[in-house]
Enquirer: 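Here it is, the structure, as structure tokens.
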Amino acid sequence: MDYLIFRTINNLAGKSVCLDSLGIFLADRFCYVLLGILILFLLKNYKKYRSMVIKAFAAGIIAWFFIAELVKFLWVRPRPFVENQVNLLLPHEADGSFPSGHASFFFALSTVVYLYNKKVGILFFIASALISISRVFVGIHWPTDILAGAIAGIFVGWLVNKVARTIIKR
């Protein structure tokens, strides 16, 4: 099933310069837009949003660099382009792909933002999904890499927010 979903999404690549450019932008550069929006929150009202931004970055870093990287170290799953003929639009190392570090980071970030502001959080979740799905489109992740990263990120985002609130209450 993972392979079929991957094929369905990745087979759209290489057919349109516009779609390929959009996919590459979403997979590789759109993340900077989200990070920039978090910085804008700080510029808008530092006192109000400082806690949210700190928790969001903490959750993202924990999700990617501790959870995702630990799982990748313990269980190396080859990226789609290593063992298959794919439409590879972005060069990438042939390292482990499960779970997606990008998905875990941005879904953790989105979860914290959502817990502060539902409307903006939904937009962050949509942006995180676009980033994640585009990484399948460009040929560097399996759909289950994305799903696992999203689940890990949402859990870490929720947990970081809960732990931080508990500490602040004390």
Side-chain angles (χ1 to χ4, degrees), residues 1-38 55-115 121-161:
M1 188 66 153
D2 202 23
Y3 181 78
L4 291 175
I5 295 170
F6 173 82
R7 272 281 171 241
T8 301
I9 296 170
N10 183 252
N11 278 341
L12 299 171
K15 298 190 183 343
S16 162
V17 173
C18 290
L19 187 59
D20 289 354
S21 297
L22 178 62
I24 291 168
F25 171 76
L26 290 171
D28 197 42
R29 301 283 180 228
F30 189 54
C31 55
Y32 298 114
V33 173
L34 285 186
L35 297 177
I37 291 170
L38 280 181
K55 289 180 200 175
F57 277 112
I61 289 167
I62 291 167
W64 189 342
F65 296 104
F66 292 96
I67 305 300
E69 290 302 317
L70 176 65
V71 173
K72 284 180 187 184
F73 177 76
L74 296 173
W75 181 42
V76 179
R77 180 184 192 195
R79 292 190 181 270
F81 61 84
V82 171
E83 299 175 344
N84 303 283
Q85 190 70 14
V86 304
N87 295 315
L88 185 62
L89 301 182
L90 272 179
H92 201 284
E93 289 182 42
D95 56 354
S97 71
F98 183 87
S100 166
H102 279 80
S104 60
F105 182 89
F106 287 102
F107 276 93
L109 204 90
S110 298
T111 301
V112 173
V113 172
Y114 179 82
L115 293 170
I122 289 169
L123 294 175
F124 266 72
F125 274 122
I126 292 167
S128 296
L130 289 172
I131 290 168
S132 299
I133 291 167
S134 67
R135 296 184 68 79
V136 175
F137 175 80
V138 299
I140 58 178
H141 272 295
W142 296 103
T144 51
D145 299 344
I146 301 304
L147 181 61
I151 291 168
I154 290 167
F155 175 73
V156 170
W158 172 81
L159 186 63
V160 164
N161 190 65

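Along the sequence shown, residues are numbered consecutively beginning with 1. Just so you know, these numbers use all the heavy atoms, side chains as well, and skip hydrogens, waters and symmetry mates.
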Enquirer: Could you tell me whether a side-chain N or O of N10 sits under 3.5 Å from a main-chain N or O of V86, the two making a donor and an acceptor?
Expert: no

Enquirer: Shortest non-hydrogen contact from S97 to D145?
Expert: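 Heavy-atom minimum between the residues: OG-OD2, 2.7 Å.
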
Enquirer: Between F106 and H102, how do the two ring planes meet: parallel, tilted or perpendicular, split at 30° and 60°?
Expert: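 F106 vs H102 ring planes: parallel.
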
Enquirer: Donor-acceptor pair, D20 side chain versus A13 backbone, under 3.5 Å?
Expert: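 No, the answer is negative, given that no donor and acceptor are paired below the 3.5 Å cut-off.
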
Enquirer: If every non-hydrogen atom of S104 is compared with every non-hydrogen atom of A68, which pair is closest and at what distance?
Expert: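 Shortest heavy-atom separation between S104 and A68 comes out as OG-CB, 3.7 Å.
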
Enquirer: From N161 CG over to L159 CG, what is the distance, rounded to the nearest 0.5 angstrom?
Expert: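 Going from CG on N161 over to CG on L159, the span is 9.5 Å.
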
Enquirer: So which atom in W142 and which in P78 form the shortest heavy-atom distance, rounded to 0.1 Å?
Expert: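 Looking at all heavy atoms of both residues, the closest pair is NE1-O, 3.1 Å.
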
Enquirer: Looking at every non-hydrogen atom in both residues, tell me the closest pair between G101 and K72 and how far apart they are.
Expert: N-NZ, 4.0 Å

Enquirer: Looking at the rings of F98 and W75, which for Trp means the six-membered one, are their centres under 6.0 Å apart?
Expert: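 Here the rings of W75 and F98 have centres that are less than 6.0 Å from each other.
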
Enquirer: Could you tell me whether a side-chain N or O of S134 sits under 3.5 Å from a main-chain N or O of A27, the two making a donor and an acceptor?
Expert: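 At least one qualifying donor-acceptor pair exists.
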
Enquirer: What I'd like to find out is whether the side chain of L22 reaches to under 4.5 Å of the side chain of S16, using heavy atoms alone.
Expert: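 Side-chain contact under 4.5 Å: no.
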
Enquirer: I131 versus L34: any side-chain heavy-atom pair under 4.5 Å?
Expert: yes

Enquirer: Can you tell if the side chain of F137 reaches within under 4.5 Å of the side chain of I24, non-hydrogen atoms only?
Expert: no

Enquirer: About how many Å separate CG of L26 and CD1 of I133, when rounded to the nearest 0.5 Å?
Expert: 10.0 Å

Enquirer: Could you grab the distance from atom CD1 of I9 to atom NE2 of H141, nearest 0.5 Å is fine?
Expert: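 Answer rounded to 0.5 Å: 13.0 Å.
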
Enquirer: Has R135 got a side-chain atom pairing as donor or acceptor with I140's backbone, closer than 3.5 angstrom?
Expert: no

Enquirer: Roughly how far apart are L89 CG and D28 CG, rounded to 0.5 Å?
Expert: 11.0 Å

Enquirer: Would you say that more than 12 heavy atoms from the other residues, nucleotides or ligands in this model lie under 6.0 Å from the CZ of F66, or not?
Expert: no

Enquirer: Restricting to non-hydrogen atoms, name the atom on F107 and the atom on S132 that form the minimum distance, rounded to 0.1 Å.
Expert: CE1-OG, 3.5 Å

Enquirer: If the plane angle is over 60° it's perpendicular, under 30° parallel, otherwise tilted; pick one for F105 and W64.
Expert: perpendicular

Enquirer: Answer yes or no: is there a side-chain heavy-atom contact under 4.5 Å between S110 and S128?
Expert: yes

Enquirer: List the atom of A150, the atom of A103, and the distance in Å for their closest heavy-atom pair.
Expert: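 Taking A150 first and A103 second, the nearest heavy atoms are N-CB, 3.9 Å.
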
Enquirer: Considering only heavy atoms from C-beta outward, does the side chain of F57 approach that of V112 to under 4.5 Å?
Expert: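 F57 vs V112: side chains apart.
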
Enquirer: Are side-chain heavy atoms of Y3 and N84 found at a separation under 4.5 Å?
Expert: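 SC-SC contact between Y3 and N84 confirmed.
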
Enquirer: Any heavy-atom pair between the side chains of Y114 and I154 that's under 4.5 Å?
Expert: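 In short, these two side chains do not touch, never coming nearer than 4.5 Å.
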
Enquirer: For F155, does the CZ atom sit with more than 12 other heavy atoms under 6.0 Å from it, leaving out its own atoms?
Expert: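 Atom CZ in F155 is not crowded, with 12 or fewer foreign heavy atoms closer than 6.0 Å.
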
Enquirer: I'd like to check I5 versus T144 (side-chain heavy atoms, cut-off strictly below 4.5 Å). Are they in contact?
Expert: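 A side-chain contact under 4.5 Å is absent here.
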
